[in-house]
Amino acid sequence: MTCPGWVLALVVSTCLGSSMAQTVTQTQPEMSVREGESVTLRCTYRTSYTYYDLYWYKQLPSGQMVFVIGQASDQQNARQNRFSVNFQKAAKSISLTISDSQLEDTAVYFCAL
């Protein structure tokens with residue numbers, strides 16, 4: 001599944017029919033890791049909804065946006081292959097860990113609400 005994260009975040013907000021502000025913040029600088037190492041990317045967010053979904057996307061050097069993993073607010077931490085999420089609902093934070101990083105993981109990563 002490929003879909004620009006920015007468009008998805010806008011569509012979710014519009015579909016919910018609310019003008020409530022939802023924000024996502026990523027403050028980490030550019031990171032470099034060696035192949036085979038693990039890396040963790042962090043994201044904080046703000047919403048007043050009880051149930052919501054968070055997504056991680058990566059933007060490839062070509063510009064293409066690729067879905068990485070999703071997390072529902074009422075579910076346990078998501079895991080898919082080498083990608084895992086640490087979701088802290090009370091702290092309004094979510095992190096993405098990439099284990100055994102590979103060259104094809106090179107990308108700009110985006111968190112979306």
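Every value quoted in this text rests on a predicted model; they were computed, and no experiment measured them.
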- prompt: Going through the checks in order, is the side chain to side chain contact (heavy atoms under 4.5 Å, CB included) test met by W56 and Q71?
  reply: CA-CA 9 Å; W56 282 96; Q71 174 69 50; over 6 Å; no
Please table the atom pairs, donor to acceptor, closer than 3.5 Å between any side-chain atom in residues 33-43 and protein atoms at least two apart or in another chain.
{"residue": "E37", "atom": "OE1", "partner": "R34", "partner atom": "N", "Å": "3.0"}
{"residue": "T40", "atom": "OG1", "partner": "T97", "partner atom": "OG1", "Å": "3.0"}

- request: Examine distances only and state if a side-chain atom of Q64 and a backbone atom of K58 form a donor-acceptor pair shorter than 3.5 Å.
  value: no
- prompt: Which residue pairs pass the side-chain hydrogen bond (donor to acceptor under 3.5 Å, both in side chains) test when at least one of the two sits in residues 24-33, sequence neighbours left out?
  reply: none
statement: Contacts of Y45 meeting ring-ring contact (aromatic ring centres under 6.0 Å, His included) (sequence neighbours excluded), chain-then-number -> Y52
Spacing of CG belonging to L96 relative to OH belonging to Y55, to within rounding of 0.5 Å: 15.0 Å
query: Checking Q80 side chain against A78 main chain: does a donor-acceptor pair fall under 3.5 Å?
result: no
Close aromatic pair by centroid cut-off 6.0 Å: Y57 and F110: no
message: Any non-hydrogen side-chain atom of S73 less than 4.5 Å from a side-chain atom of T50?
response: no
message: Run the side chain to side chain donor-acceptor pair (under 3.5 Å) test against N77 and tell me which residues pass, sequence neighbours left out.
response: none
field: Side-chain heavy-atom pair Y49, Q22 within 4.5 angstrom cut-off
entry: yes
query: Which value, rounded to the nearest 0.5 Å, describes the distance between I69 atom CD1 and S84 atom OG?
result: 7.0 Å
task: Report the residues that fulfil side-chain contact (heavy atoms from CB on, under 4.5 Å) with D74, sequence neighbours left out, ordered by chain and then residue number.
output: Y51, A72
- line: The complete set of side-chain hydrogen bond (donor to acceptor under 3.5 Å, both in side chains) pairs with one or both residues in residues 86-96, sequence neighbours excluded, reads N86-Q88
- prompt: Ignoring hydrogens and geometry, is there a side-chain-to-backbone donor-acceptor pair from R82 to D100 under 3.5 Å?
  reply: yes
- prompt: For A112 and V24, which heavy atoms make the closest approach, and how far apart are they?
  reply: C-CG2, 4.4 Å
